[in-house]
There are 2 protein chains.
Amino acid sequence: MTSRLPIAAETPTPSSCCPTRPRLRGKAVKQFASLFKGLADETRLEILGLLAAAQGEVCACHIEEHIKHLSQPTISHHLKLLREEGLVTGERRGTWVYYTLDKSLLSRVKQFVEAIRE
Amino acid sequence: MTSRLPIAAETPTPSSCCPTRPRLRGKAVKQFASLFKGLADETRLEILGLLAAAQGEVCACHIEEHIKHLSQPTISHHLKLLREEGLVTGERRGTWVYYTLDKSLLSRVKQFVEAIRE
DNA sequence: TATCTATATTGACAAACATCGATTCAAGGT
DNA sequence: ACCTTGAATCGATGTTTGTCAATATAGATA
């Protein structure tokens, strides 16, 4: 009977190791998950990297030109997802559509850093 | 012939609107996409939020306790993905396995912010 | 050894996603 | 009107992903 203490004699209790309130809850979890889903694709990151470097508008034709290994419909599809997620905006002028990085991208990512860091 | 200039008379040329070098390329794109895939799930974000708030170890049993709407194998699966992505570390002590948030999470996210911001 | 508990693994399945070819839509030029 | 070009949409397809029930593994206790 209890000749020696096991490595972890005590069952871990919530009071011993668990936070009362997690740092990501409810709506925030959904919003960040949605944001990161938008960022969780190589093609979309390439597009964002292009727009960030341009510091302004880039027309869809140039985006397609840079991402040469994918078809036009595929890139259009990714642009749509980025628009819906609010990470870019697209404006049609004449024949062309010009895309711009939305500032909300950086602010939302920074919000995540703050939420985790507390 | 050319009675008046159309809204966008000139075809957008790379030199007019395109950056010479995008801000996310090659390996960096892959690494960030992999990171964001790890973050692109509500359950995994909840787990990370728990670990962040705990500021230390949390045993798997408490994680499962907090995320009550999912089965134990499902949570174990997410913990595995987080481990493989280097976002958490797990250490077995006796019967229990204790998880900790890896510091690399914040640094990697901040790297992304810097890359986009230039 | 046998047994109990905590965690991980396996196998199956449905839903979500990335991709493409074909088509459509929008706008300008002839 | 017609044609041309840039971009979006549609429909189909193969892959990835989240989930669970069942089972296996690791470690402690008896």
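In what follows, every chain begins at residue 1, and chains take the letters A, B, ... in the order their sequences are listed.
- Within the structure, side-chain hydrogen bond (donor to acceptor under 3.5 Å, both in side chains) contacts touching residues 81-90 of chain A (residues at least two apart or in different chains) are A:Ser34-A:Glu85, A:Arg83-A:Tyr99, A:Glu85-A:Arg108.
- Checking the phosphate oxygens (OP1, OP2) of C:dA6, no side-chain nitrogen or oxygen of B:Tyr99 falls inside 4.0 Å.
- A straight line from CD of B:Glu64 to C1' of D:dC20 spans 14 Å, rounded to a whole angstrom.
- Partners of B:Gln31 according to the side-chain contact (heavy atoms from CB on, under 4.5 Å) rule, which considers only residues two or more places apart in sequence or in another chain, are B:Lys27.
- Every residue meeting the salt bridge (Lys or Arg N to Asp or Glu O under 4.0 Å) condition with B:Lys30, not counting sequence neighbours, appears here in chain and number order: A:Glu42.
- Within the helix from C:dT1-D:dA30 to C:dT30-D:dA1, the inter-axis angle between the opening and closing five-pair segments is 10°, rounded to 10°.
- Every residue meeting the side-chain contact (heavy atoms from CB on, under 4.5 Å) condition with A:Gln72, not counting sequence neighbours, appears here in chain and number order: A:Glu64, A:Ser76.
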Could you list the donor-acceptor pairs under 3.5 angstrom formed by side chains in residues 111-118 of chain A, with sequence neighbours left out?
{"from": "A:Glu114", "atom 1": "OE2", "to": "A:Arg117", "atom 2": "NH2", "distance (Å)": "2.7"}

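- At least one donor-acceptor pair under 3.5 Å links the side chain of A:Arg44 to the backbone N or O of A:Gly38.
- Atom CD of B:Glu91 and atom P of D:dA26 are 17 Å apart (whole Å).
- For the pair B:Tyr98 OH and C:dA6 C1', the computed distance is 11 Å after rounding to whole Å.
- A straight line from CD of B:Glu65 to P of C:dT5 spans 16 Å, rounded to a whole angstrom.
- Atom-to-atom, CH2 of B:Trp96 to C1' of D:dT25 comes out at 17 Å; the value is rounded to the nearest Å.
- Straight-line distance from the CD atom of B:Glu84 to the P atom of D:dG18: 12 Å, rounded to whole Å.
- Scanning for side-chain contact (heavy atoms from CB on, under 4.5 Å) contacts around A:Arg92 gives A:Val97, with sequence neighbours left out.
- To the nearest 0.5 Å, atoms CG (B:Asp41) and CG (B:Leu82) are separated by 8.5 Å.
- Nucleotide C:dA16 holds its P atom 13 Å from the CD atom of B:Glu42, rounded to whole Å.
- Rounded to whole angstrom, the span from the CG atom of A:Leu79 across to the P atom of D:dT9 amounts to 11 Å.
- A:Leu70 pairs by the side-chain contact (heavy atoms from CB on, under 4.5 Å) definition with A:Thr43, A:Ile67, A:Thr74, A:Ile75, not counting sequence neighbours.
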When you compare the protein's N or O atoms with those of nucleotides 17-25 of chain C, which come within less than 3.5 Å of each other, and at what distance?
{"from": "C:dA18", "atom 1": "OP1", "to": "A:Arg44", "atom 2": "NH1", "distance (Å)": "3.2"}
{"from": "C:dA18", "atom 1": "OP1", "to": "A:Arg44", "atom 2": "NH2", "distance (Å)": "2.9"}
{"from": "C:dT19", "atom 1": "OP2", "to": "A:His78", "atom 2": "NE2", "distance (Å)": "2.6"}
{"from": "C:dC20", "atom 1": "OP2", "to": "A:Ser71", "atom 2": "N", "distance (Å)": "2.8"}
{"from": "C:dC20", "atom 1": "OP2", "to": "A:Ser71", "atom 2": "OG", "distance (Å)": "2.9"}
{"from": "C:dC20", "atom 1": "OP2", "to": "A:Thr74", "atom 2": "OG1", "distance (Å)": "2.8"}

